[in-house]
Peer 1: 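Below is a structure I'd like to ask you about.
By convention in this document, chain letters (A, B, ...) are assigned in the order of the sequence lines, proteins followed by strands, and residues within each chain are numbered from 1.
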Number of protein chains: 4
Amino acid sequence: MTGERRLGRPRSQATRAAILAAALAELDERGYAALTIDGIARRAGCGKQTIYRWWSSKADVVLESLLERAETAIQLPDEGSLPDDLMAFLKATFAQRGQRPTLIGLMAQALLDPAFAAEFKEKFLFKRRDALRVLLDRAVARGEIAAGTDVELLIDIVYGVLWYRFILEHAPLDDELGERLTALLIKASR
Amino acid sequence: MTGERRLGRPRSQATRAAILAAALAELDERGYAALTIDGIARRAGCGKQTIYRWWSSKADVVLESLLERAETAIQLPDEGSLPDDLMAFLKATFAQRGQRPTLIGLMAQALLDPAFAAEFKEKFLFKRRDALRVLLDRAVARGEIAAGTDVELLIDIVYGVLWYRFILEHAPLDDELGERLTALLIKASR
Amino acid sequence: MTGERRLGRPRSQATRAAILAAALAELDERGYAALTIDGIARRAGCGKQTIYRWWSSKADVVLESLLERAETAIQLPDEGSLPDDLMAFLKATFAQRGQRPTLIGLMAQALLDPAFAAEFKEKFLFKRRDALRVLLDRAVARGEIAAGTDVELLIDIVYGVLWYRFILEHAPLDDELGERLTALLIKASR
Amino acid sequence: MTGERRLGRPRSQATRAAILAAALAELDERGYAALTIDGIARRAGCGKQTIYRWWSSKADVVLESLLERAETAIQLPDEGSLPDDLMAFLKATFAQRGQRPTLIGLMAQALLDPAFAAEFKEKFLFKRRDALRVLLDRAVARGEIAAGTDVELLIDIVYGVLWYRFILEHAPLDDELGERLTALLIKASR
DNA sequence: TGATAAACGAGACGGTACGTCGTGTCTTCTG
DNA sequence: CAGAAGACACGACGTACCGTCTCGTTTATCA
């Protein structure tokens with residue numbers, strides 16, 4: 001039942017880990033644009049084929065590396081009120097600024113490659129939308145925001161502003177932004 | 001006096017135009033990711049060197065092509081009230097959805113290449129922010145929105161939502177979005 | 001034991017042969033000066049990298065092609081007397097006049113590139129000197145030429161005249177030259 | 001009468017000299033293989049067109065530079081006897097060893113380019129043959145060498161050995177070679 | 001225990017585009 | 001009208017990665 005044991009030599013978990021680690025290391029040292037499959041393989045001490053066997057692109061490798069990082073996990077706060085929940089959520093999100101190079105690279109890849117875009121949305125972007133939706137739905141249930149409120153638009157505003165500033169870097173992603181954004185959303189949705 | 005006539009053979013305007021046209025044609029036929037300098041040169045009937053002499057990357061060529069297209073010009077409506085101005089502005093912006101592949105490609109390049117990012121911001125993104133700021137400042141002057149309103153945040157919300165939906169394509173960029181966004185911003189800024 | 005099996009995919013002998021053949025074909029059709037690595041790769045149906053992996057220059061490829069041609073093999077006659085040996089040797093050498101374009105090209109490359117010059121001397125020019133030296137040493141042993149004769153100078157004379165006429169083409173490389181040169185050398189070395 | 005004054009601005013002798021000097025300087029600093037028309041023009045402070053107007057190739061420029069050098073002039077000794085004449089001639093020739101890089105480069109160009117080869121022979125190589133022929137004809141007239149001697153072959157031997165050693169550098173071009181070659185030729189031609 | 005089967009490292013392969021270099025021609029202004 | 005300046009079309013250069021392939025080797029399961 002649990003079976004599914006495939007024939008032949010099983011996938012090497014050590015190699016898998018080495019590849020993910022190598023990808024992150026290359027990313028840190030050289031940046032996303034300079035990432036190459038050759039380079040990852042060389043650093044991981046594995047053959048290129050092994051990478052191609054399990055991932056479809058370098059972005060795929062990076063996405064998996066990213067998702068394995070503990071700090072990328074989504075926090076779902078429950079502070080009792082929307083403003084507090086939102087602030088906690090935004091603070092947790094802002095705290096991941098260190099991932100910028102990686103996230104920016106993945107977004108670039110998503111823009112250039114529709115297949116990867118689908119995967120990036122499914123495994124990353126939409127998961128975060130889902131988390132935020134939980135907070136907002138809770139607020140609707142509590143009556144903190146009006147029943148007819150377009151929750152999807154609120155989500156778009158939060159992530160739209162976040163990504164827009166994340167990409168352009170013309171203004172900071174800090175607590176002050178969190179407070180102003182929270183205040184604005186609540187005022188707009190009462 | 002105004003002179004500034006440089007020495008030597010002057011830059012060929014015909015070649016410049018051929019290159020920009022070739023870039024747009026390649027873009028339409030094959031998409032941004034498949035653009036190559038070789039391909040542009042071949043189609044334009046010019047040497048690669050000539051492209052490298054005047055532009056620093058393929059994104060640079062594409063950006064200039066794009067800026068020369070009349071339809072990329074920024075509309076600055078003046079309808080007399082903020083809601084009308086905003087709707088007109090958003091409608092004009094949404095009308096450029098056909099440029100999506102190009103704009104997405106340029107954004108991808110900006111994410112991968114900081115030098116190009118700076119240029120893209122200066123020549124494209126910030127020009128649009130400036131236009132929107134004019135509308136909002138006008139509304140502040142007219143008392144339509146509160147004096148202390150964080151105009152920059154409003155701009156970030158508009159363009160944040162626009163780009164976020166533009167990139168993810170999880171929801172349409174249409175008049176209904178325009179109306180809801182306008183309503184929300186006005187409610188939040190009174 | 002003799003093993004030495006290298007790791008990884010072994011070198012493709014088919015590709016090696018295709019490259020050498022393509023080089024000779026290009027040489028015949030277009031001449032040495034018009035040879036290009038691009039052209040050889042195109043005709044051989046291989047990537048340029050494959051050529052660069054195994055040879056350091058186009059001259060290197062051509063030299064190897066040449067050395068594989070059966071007709072480039074050195075004949076070592078043993079007719080019993082120096083005049084007969086020399087005539088046989090010269091006839092065999094003159095018979096390779098068809099290789100002129102190739103040899104001239106290789107010599108040109110040797111003049112321009114010291115690294116290739118060393119290789120050309122080692123693998124081609126000195127091998128021929130060695131063969132001729134065998135003939136002359138034999139003649140010394142038989143007493144046909146004086147014991148103190150400067151054999152190296154005789155070799156220089158033979159190959160000097162040959163190459164000089166080969167290059168300048170101001171006089172033929174034919175049997176009459178062979179006879180006169182033989183006679184002169186013998187008269188001078190008695 | 002002497003006229004032949006062409007119309008328009010006359011050729012600039014200063015520029016001509018600058019180009020020839022620049023060619024020699026580049027030759028000395030970088031070697032023949034690295035010579036470029038661009039480089040010569042840059043160093044001479046002239047336009048490339050000016051070079052193309054008056055010379056047909058870089059080899060052409062170099063040949064003219066070489067021929068203008070005083071030390072390249074042919075010495076025609078008249079010592080009274082063939083051995084002395086020959087030795088003097090060879091000594092004078094050997095004394096030009098410093099020109100090796102230039103001469104080797106010109107010879108390489110001659111091998112690659114038949115048009116230049118013709119010019120090189122006419123203006124350089126055959127002039128030297130002519131000079132040597134004068135010496136040898138004088139010796140025939142004096143009865144130092146037999147009347148039926150193949151003078152052309154003797155010339156080929158002298159220049160063949162010289163160029164062969166000059167190119168291969170496997171043995172020196174020195175007085176000892178001069179003496180041995182002289183002795184050999186005289187013994188062979190009595 | 002040995003056959004079978006897949007994963008793995010290594011690295012060669014056919015390709016494509018890169019960005020640079022040099023060529024020989026052209027187009028402008030200056031002397 | 002020669003000459004400097006330098007832009008131009010062209011085409012080869014040698015390199016970097018791509019994604020695939022072909023080896024020998026390793027590590028499992030199954031008969």
Peer 1: Nearest-Å distance, CG (D:L112) to P (E:dT23)?
Peer 2: 14 Å

Peer 1: Report the distance from atom CZ of B:R42 to atom P of F:dA12, rounded to the nearest whole Å.
Peer 2: 14 Å

Peer 1: Whole angstrom is fine here: how far is it from CG in A:D60 over to P in F:dG19?
Peer 2: 12 Å

Peer 1: Under a 3.5 Å threshold, yes or no: a donor from one side chain and an acceptor from the other, between A:Q109 and A:S57?
Peer 2: no

Peer 1: I need the OH-P distance between C:Y52 and F:dA16, as an integer number of Å.
Peer 2: 13 Å

Peer 1: Decide, yes or no, whether a salt bridge links C:E169 with C:R100 under the criterion of side-chain N to carboxylate O below 4.0 Å.
Peer 2: yes

Peer 1: Check the distance between F:dA16's P and A:I40's CD1 and give it to me in whole angstrom.
Peer 2: 18 Å

Peer 1: Is D:R11 positioned over the aromatic face of D:W54, cation under 6.0 angstrom from the ring centre and no more than 45 degrees off axis?
Peer 2: yes

Peer 1: In whole angstrom, what separates A:D38's CG from F:dT20's P?
Peer 2: 13 Å

Peer 1: For the side chain of C:I37, counting heavy atoms from C-beta on, which of E:dT23, F:dG19, F:dG14 is nearest?
Peer 2: F:dG14

Peer 1: How many whole angstroms separate atom NZ of B:K58 from atom C1' of E:dT16?
Peer 2: 13 Å

Peer 1: Using a cut-off of 4.0 Å between protein heavy atoms and nucleotide atoms, how would you tag nucleotides 7-12 of chain E 5' to 3' with B, S and -?
Peer 2: BBSBBB

Peer 1: Roughly, in whole Å, what's the span from CD1 in D:I51 to C1' in E:dG22?
Peer 2: 13 Å

Peer 1: Specify the closest pair of heavy atoms between A:L111 and B:A108, including all atoms of both residues, with the distance to one decimal.
Peer 2: CD1-N, 3.6 Å

Peer 1: To the closest 0.5 Å, what do you measure between CG (C:L35) and NZ (C:K58)?
Peer 2: 5.0 Å

Peer 1: Are any side-chain N or O atoms of B:K48 and backbone N or O atoms of B:A41, one a donor and one an acceptor, separated by less than 3.5 Å?
Peer 2: no

